[in-house]
Amino acid sequence: MAGLNDSVAVLKGVGTKRQVALNKLGINTINDLLTYFPRRYDDLSIKDPSSAVDGQKVTVKGLVIAPPMLTYFGRKRSRLVFRLRINDQIYTVSFFNQPWLKREIQPNSELIVFGTYNRARNQIQGMKILNAQTSNAFDSIYPANKEVKQATIKSLVKLAYETYHDQIVDIIPASLRAKYRLESFSDTIRNIHFPESPKAAQRAFRTAKFMEFFLFAMKVQILKAAHRKQDPQAEINYQESVVTKFQENLPFKLTAAQQKVIQEILADLSRPIQMNRLLQGDVGSGKTVVAATAILATISANKQAAIMAPTEILAEQHANNFAKMFAGLPVNIALLTGDTSAAARKAMLPSIQTGEVDLVVGTHALFQADVQYADLGLAVIDEQHRFGVNQRQALRQKGTSTNMLAMTATPIPRTLAITMYGDMDVSVINQLPSGRKPIKTTWITASKTNAAVRFVKKQLDSGNQVYVVTPLIEESEAVDMKNAVAIFERFKAIFEPQYQVGLLHGQMSNQEKDATMLQFKNNQFQVLVATTVIEVGVDVANANTMLIFDADHFGLAQLHQLRGRVGRGATQAYCILIADPTNEIGKERMKAVASSTNGFFLSQKDLELRGQGDITGQKQSGMPDFKVADPVGDLNILTVANQEAQRITAEKHWKTKPENVQLAKYLQFSQTINYD
Ligand code: ADP
Ligand code: MG
């Protein structure tokens with residue numbers, strides 16, 4: 001029997017060649033075709049240009065008042081011009097590169113033209129000529145290409161709908177459709193392809209968006225349930241006394257928030273289920289010691305742990321920190337990064353494989369093919385948003401029943417919490433260690449740079465240290481470096497010999513970077529000029545001021561992270577953003593960072609101001625691709641769809657409930673989530 005999963009090749013007019021071309025557009029089945037939605041609708045209802053908006057498209061009807069003029073420029077380019085009288089006004093209409101239209105333009109006959117209206121010139125730049133019988137007032141415009149034309153898609157969609165519309169079943173349970181006043185799927189498809197009005201299309205899109213989010217959320221919930229499977233190997237029988245003693249010996253008292261998340265993590269570890277937890281805590285909230293507790297618990301149960309960081313500097317800092325924290329304990333630590341020498345690596349790998357090494361600290365090198373673990377009980381991923389989904393999985397798959405703890409300082413806006421991390425449990429450290437003062441942030445324009453330099457001088461005079469962050473030009477590390485060097489020279493000229501100035505950039509070797517960082521930490525120089533390589537993790541308590549050049553080139557979350565490098569001690573910390581944003585959005589972004597120290601707010605704001613296009617554009621971000629819905633703009637629909645998916649899957653026998661049968665059947669055949 002024919003069905004929606006039939007190949008498009010069954011349609012009349014689709015031969016092998018056309019089938020291949022359609023496949024390239026992602027259209028393989030009838031279902032794909034029916035859900036290949038228009039990009040926009042052209043309003044073909046006839047209007048008087050005087051009521052049209054300047055620069056917008058409009059459909060007009062008028063009388064051709066003189067023969068058209070056709071001019072060629074070279075062989076291919078041409079311009080066809082004629083005059084049209086509409087309600088006693090004369091308009092000039094021009095068509096570019098469509099010389100064949102000349103035949104259709106007869107003096108003293110009526111003509112309907114669709115095109116862009118230019119008020120100042122009283123002109124219409126024509127796009128197409130319509131005949132009087134055009135049935136729909138709204139023309140669906142599909143993404144098309146050279147091989148598959150607009151008209152072809154349109155007629156195939158029509159044919160597919162006519163042949164198959166009886167078979168379009170409703171996947172969304174009836175109770176949900178009633179509750180949210182959603183259309184049936186069949187109506188949705190009809191109203192999106194052949195709307196009676198833009199409003200009708202809009203209503204149909206609302207259903208389509210809900211459906212897209214809802215099905216996504218259902219898949220996430222199913223995935224989450226799959227992770228929750230009993231797995232005796234995943235259980236970590238840690239020694240409580242080891243953990244308690246470790247906490248007692250810390251040089252500070254854990255905050256209540258730290259204690260709470262540690263409890264959540266330890267409870268997870270002691271269950272025979274793989275942990276899949278995201279630890280979210282603002283910069284400086286003290287995630288490292290939380291990770292250390294989980295790591296130590298794992299090792300006390302005779303299993304291995306690994307912690308992966310995005311940069312060499314950070315991995316080394318972690319290795320040093322853990323060595324200090326675990327001093328006196330029987331914990332054998334190895335540092336494995338891209339920088340580890342071949343000889344050291346060769347010596348290290350066997351001891352990781354035999355289990356002699358308890359904790360492996362490193363970068364991406366941790367999941368290389370030849371790195372094998374004896375029994376990886378816990379994988380910690382620091383600054384996890386810097387890694388792709390696949391990289392996080394690659395590390396996890398180094399063990400058979402590995403528990404995963406992903407950490408991030410980027411507060412996760414609700415949009416991403418649902419879309420990207422929906423299958424994880426979330427712990428939040430919502431409190432900074434006591435005694436920290438909020439960082440004071442100001443935004444100034446480049447013309448005020450001298451005042452900022454005077455402020456820096458004042459801070460240096462009081463014995464504080466200062467970071468100067470140089471412009472970010474994403475395309476080229478070499479250009480970043482050149483900029484950094486220029487600013488470095490400038491600050492040297494201003495402050496030396498009274499104060500020393502250091503330089504840190506991405507093209508330095510890791511030894512050089514580390515040496516520089518260490519010198520800064522030891523106050524051997526007081527000003528550190530750096531590219532964003534200081535962005536994550538590195539800790540210098542005496543630095544209280546940060547100057548950021550061209551701050552508008554950074555993401556808001558990134559600025560928030562950057563300034564988190566200061567304000568780690570008890571002195572008041574300052575951040576000065578130097579930026580001359582060229583548009584309103586840019587100004588709004590700078591004001592947002594200056595006025596808020598709430599990372600959560602800033603991340604959501606960043607998403608809103610950038611829009612979805614930009615997020616999905618960043619491949620490594622792991623944001624799933626939605627066809628019709630926008631997880632930022634349609635956050636409300638997303639939230640509701642997610643709640644409903646959670647509610648449904650929380651019921652034990654949801655799959656066999658009559659109203660869910662179609663849903664369950666659909667999900668059974670599409671288990672995977674496409675990130676990318
Ligand atoms: P982040 O969450 O940004 O990774 P870190 O773990 O690096 O933060 O901690 C920031 C600093 O705060 C470190 O120097 C750490 O030793 C210190 N710290 C962590 N927890 C506490 C606490 N409860 N009280 C005081 N200082 C703490
Ligand atoms: Mg950290």
Side-chain angles (χ1 to χ4, degrees), residues 243-244 246-265 277-296 307-327 361-363 380-387 405-412 426-439 465 467 517-518 520-522 532-544 546 557-571 573 575 597-600 602-603:
V243 172
T244 315
F246 169 73
Q247 295 180 340
E248 282 168 5
N249 286 339
L250 287 172
F252 45 73
K253 200 175 162 307
L254 292 172
T255 62
Q258 283 171 316
Q259 287 174 22
K260 183 173 141 268
V261 304
I262 288 173
Q263 283 322 311
E264 288 167 351
I265 292 166
R277 192 168 277 280
L278 181 71
L279 172 58
Q280 181 186 325
D282 215 341
V283 238
S285 61
K287 294 182 291 295
T288 315
V289 67
V290 172
T293 313
I295 287 168
L296 189 60
I307 178 164
M308 178 161 81
T311 62
E312 315 265 339
I313 272 199
L314 199 53
E316 285 179 36
Q317 179 177 284
H318 275 323
N320 292 334
N321 270 341
F322 287 121
K324 254 185 250 157
M325 280 193 268
F326 297 151
V361 182
T363 53
V380 182
I381 315 228
D382 194 15
E383 311 291 348
Q384 68 91 36
H385 57 282
R386 293 291 205 89
F387 296 96
L405 178 65
M407 309 202 290
T408 185
T410 309
I412 297 172
V426 180
S427 289
V428 182
I429 309 185
N430 55 3
Q431 162 185 43
L432 295 181
S434 57
R436 302 248 174 95
K437 299 191 183 94
I439 301 162
Q465 286 170 275
Y467 287 106
M517 224 39 234
L518 196 67
F520 187 54
K521 205 166 173 157
N522 294 337
T532 47
V533 291
I534 52 154
E535 181 192 345
V536 284
V538 183
D539 226 3
V540 179
N542 192 45
N544 82 323
M546 179 175 281
Q558 200 181 10
L559 286 172
H560 182 64
Q561 287 232 6
L562 268 172
R563 76 177 162 190
R565 297 299 107 215
V566 296
R568 306 209 132 206
T571 15
C575 175
T597 52
N598 180 339
F600 180 93
L602 290 174
S603 302

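Basis for what follows: all heavy atoms, side chains included, without hydrogens, waters or symmetry-related copies. Order of appearance sets the numbers: ligands from 1, and atoms from 1 within every ligand. We're numbering straight along the sequence, starting at 1.
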Q | Min heavy-atom dist G281 to ligand 1 below 4.0 Å | A |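 Outside the 4.0 Å threshold, so no.
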query: So, does G284 sit close enough to ligand 1 that a heavy atom of it is under 4.0 Å from the ligand?
result: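 In this structure, G284 qualifies as a contact of ligand 1 - some heavy atom is under 4.0 Å.
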* ligand 1 contact on T255 by region, counting heavy-atom pairs under 4.0 Å ->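 Looking at T255 and ligand 1, atoms from backbone and side chain both fall under 4.0 Å.
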Considering the heavy atoms of [X], write down every atom of ligand 1 situated less than 4.0 Å from one of them.
X    : result
K253 : 22 (C), 23 (N), 24 (N)
L254 : 23 (N)
T288 : 4 (O), 5 (P), 6 (O), 7 (O)

* Purely on distance, is any nitrogen or oxygen of P433 under 3.5 Å from one on ligand 1? ->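 In fact, backbone or side chain, P433 has no N or O that close.
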So, for S285 and Q431, which heavy atoms are closest and what is the spacing to 0.1 Å?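 For S285 versus Q431, the nearest heavy atoms are CB-O, 3.9 Å.
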### Message
Which heavy atom of I429 sits nearest to which heavy atom of A257, and what is that distance?
### Response
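Shortest heavy-atom separation between I429 and A257 comes out as CG2-CB, 3.7 Å.
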Criterion side chain to side chain contact (heavy atoms under 4.5 Å, CB included) against V380, the qualifying member of I295, V290, L279
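Considering I295, V290, L279, a side chain to side chain contact (heavy atoms under 4.5 Å, CB included) with V380 is found only for I295.
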Residue of the set R277, Q280, K287, K260 for which side chain to side chain contact (heavy atoms under 4.5 Å, CB included) holds with S427: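 Answer to the side chain to side chain contact (heavy atoms under 4.5 Å, CB included) test with S427 among R277, Q280, K287, K260: R277.
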Report task. Decide side-chain contact (heavy atoms from CB on, under 4.5 Å) for L518 and N522; before the verdict, give the C-alpha distance in whole Å, the side-chain angles of both, and the deciding distance to 0.1 Å. Result -> CA-CA 6 Å; L518 196 67; N522 294 337; 3.9 Å; yes
Practice problem: Pick whichever of K324, K287, M407 has a heavy atom sitting closest to atom 2 (O) of ligand 1. | Solution: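 Result: the heavy atom closest to atom 2 (O) of ligand 1 is in K287.
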Could you measure the distance from the CD1 atom of I439 to the CE atom of M546? Nearest 0.5 Å is fine.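 With rounding to 0.5 Å, CD1 (I439) is 8.5 Å from CE (M546).
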